[in-house]
Enquirer: 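Have a look at the structure that comes next, please.
Lettering follows sequence order; numbering is per chain, from 1. Computed from a predicted structure; not experimentally measured. Atoms considered below: every heavy atom in the structure, side chains included; atoms not considered: hydrogens, waters and symmetry mates.
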There are 2 protein chains.
Amino acid sequence: MKSLADYEQKFDRLHEDCPVRAALDVIRGRWKPSILYELKDGPRRFSQLQAALAGITAQALTVQLRQLEADGVVVRTVHPEETPFRVEYALSEAGKTLSGVLDQLETWGVGYLARRGTRRTRVA
Amino acid sequence: MKSLADYEQKFDRLHEDCPVRAALDVIRGRWKPSILYELKDGPRRFSQLQAALAGITAQALTVQLRQLEADGVVVRTVHPEETPFRVEYALSEAGKTLSGVLDQLETWGVGYLARRGTRRTRVA
DNA sequence: CGGCATCCGGGGTGATACTG
DNA sequence: CAGTATCACCCCGGATGCCG
């Protein structure tokens, strides 16, 4: 496996350590919110995640998981004694606290979509 | 002025109306959290924002503000009677509720940076 | 003072094919 | 089953110069 450092995101992490941007940088990513959501109720295998996230490729899933791991919100565990071997992903302690933040975002998003919902459906 | 629709962001807004992604899409942007923060305490002029956000160009500020306006979280008001005329930006009702979400992100980010802080300074 | 047009680079992400 | 390597596209955002 490649070094975790290879998966560290490149966009300027020099944002003067602004906490808001730091948080957003962790969540940022096409599939990360969904992944975090899937892991909320306990560890999941790579294949389980891939099945749950309709449309994601193995490559994409790997990258997103590695970035989450590099950011310390996801923990990766390999069970080599089994064949075929099993790889499980779980939320770290920091990851679990992140779920609360995502809930806040969801709550706001629900209200936001409700307010604009009628407009949106009219468009397409 | 261009139509607000021209500033609607293009990334697939079709994400099945996931509230979390909807919320993140609104916040997403290099300067948007900072802009929202600056507007938290009341309306600000274009030039005030530009001065507060060290390093931003007028063009970048314009685009970010227009996107926030298109998303309904910022309201733009022109005062043409004055010369030089004045343009003010303020949070909409939806924008004000967004501030709470940003506070959550900040709180989490503070703890996150504190946990990793020591590691980070060692790096560079 | 505020805004727009244009060029341009880089990162994020998908598609595909291959490995232990 | 899980992961890697490579290619390619596209959007975001910075820089510059001009306009009312």
Enquirer: Hey, quick one: are B:Leu53 and B:Leu39 part of the same hydrophobic cluster, counting side-chain heavy atoms closer than 4.5 Å, chains of contacts allowed?
Expert: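 Yes, B:Leu53 connects to B:Leu39 through the hydrophobic network.
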Enquirer: Let's see if you can work this out: which of C:dG14, C:dC1, D:dT4 has an atom nearest to the side-chain heavy atoms of B:Phe85?
Expert: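 Closest of the options to the side chain of B:Phe85: C:dC1.
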Enquirer: Starting at atom CG of A:Leu24, determine the distance to atom P of D:dG13, rounded to an integer number of angstrom.
Expert: 12 Å
Enquirer: Could you state the CZ-P distance from B:Arg28 to D:dC11, rounded to the nearest angstrom?
Expert: 12 Å
Enquirer: At under 4.0 Å, does any side-chain N or O of A:Gln64 touch on OP1 or OP2 of C:dT13?
Expert: yes
Enquirer: Closer than 3.5 angstrom, by distance alone: can the side chain of B:Tyr112 be matched with the main-chain N or O of A:Asp71 as a donor-acceptor pair?
Expert: yes
Enquirer: Which heavy atom of A:Ile56 sits nearest a heavy atom of A:Ala60, and at what distance?
Expert: CG1-CB, 3.7 Å
Enquirer: Identify whether B:Ile27 and B:Val75 are in the same connected component of the hydrophobic contact network (ILVMFWY, side-chain heavy atoms under 4.5 Å).
Expert: no
Enquirer: Look at the side-chain N and O atoms of B:Tyr7 and state whether any lies under 4.0 Å from the OP1 or OP2 oxygen of D:dC12.
Expert: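 So the side-chain polar atoms of B:Tyr7 never come under 4.0 Å of the phosphate oxygens OP1 or OP2 of D:dC12.
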Enquirer: Rounded to whole Å, please give me the gap between CD1 in A:Ile35 and P in C:dT13.
Expert: 10 Å
Enquirer: May I have the distance from A:Asp71 (atom CG) to C:dG12 (atom C1'), rounded to whole angstrom?
Expert: 15 Å
Enquirer: Verify the contact: side-chain N or O of B:Trp31 to OP1 or OP2 of D:dG14, cut-off strictly under 4.0 Å; return yes or no.
Expert: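 For D:dG14, OP1 or OP2 has a side-chain N or O of B:Trp31 closer than 4.0 Å.
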Enquirer: In whole Å, what is the span from the CD atom of B:Gln48 to the P atom of C:dG2?
Expert: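 Rounded to whole Å, this separation is 8 Å.
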Enquirer: Once you round it to whole Å, what is the distance between P of C:dC1 and CG of B:Leu65?
Expert: 17 Å
Enquirer: Does OP1 or OP2 of C:dG3 have a side-chain N or O of B:Arg66 closer than 4.0 Å?
Expert: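 Yes, within the criterion.
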Enquirer: Looking only at side-chain atoms of A:Tyr89, point me to the closest of C:dC1, D:dG14, D:dA2.
Expert: D:dA2
Enquirer: Between A:Leu49 (CG) and D:dC1 (P), how many Å, whole number?
Expert: 14 Å
Enquirer: C:dC18 C1' sits how many Å from A:Lys2 NZ, rounded?
Expert: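 Going from A:Lys2 (NZ) to C:dC18 (C1'), I get 15 Å.
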Enquirer: Can you find a pair of side-chain heavy atoms, one from A:Arg76 and one from A:Leu65, that are under 4.5 Å apart?
Expert: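 Result no, sub-4.5 Å side-chain heavy-atom pair not found.
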Enquirer: Looking at the side chain of B:Arg45, which of C:dG3, D:dA2, C:dC1 is the nearest nucleotide?
Expert: C:dC1
Enquirer: Give a yes/no on whether any side-chain N or O of B:Ser47 is located under 4.0 angstrom from OP1 or OP2 of C:dG2.
Expert: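 Result: yes.
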Enquirer: Report yes if a side-chain nitrogen or oxygen of B:Arg30 is closer than 4.0 Å to either non-bridging phosphate oxygen (OP1 or OP2) of D:dC12; otherwise report no.
Expert: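 False: B:Arg30 side-chain N/O out of range (4.0 Å or more) of D:dC12 OP1/OP2.
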Enquirer: Is the shortest side-chain N/O distance from B:Arg76 to OP1 or OP2 of C:dG3 below 4.0 Å?
Expert: yes
Enquirer: For D:dT16, does OP1 or OP2 lie under 4.0 Å from any side-chain N or O of B:Thr57?
Expert: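 Indeed not, no polar side-chain atom of B:Thr57 lies that close.
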Enquirer: What's the closest nucleotide to the side chain of B:Gln59 if the choices are D:dA15, C:dG2, D:dG14?
Expert: D:dA15
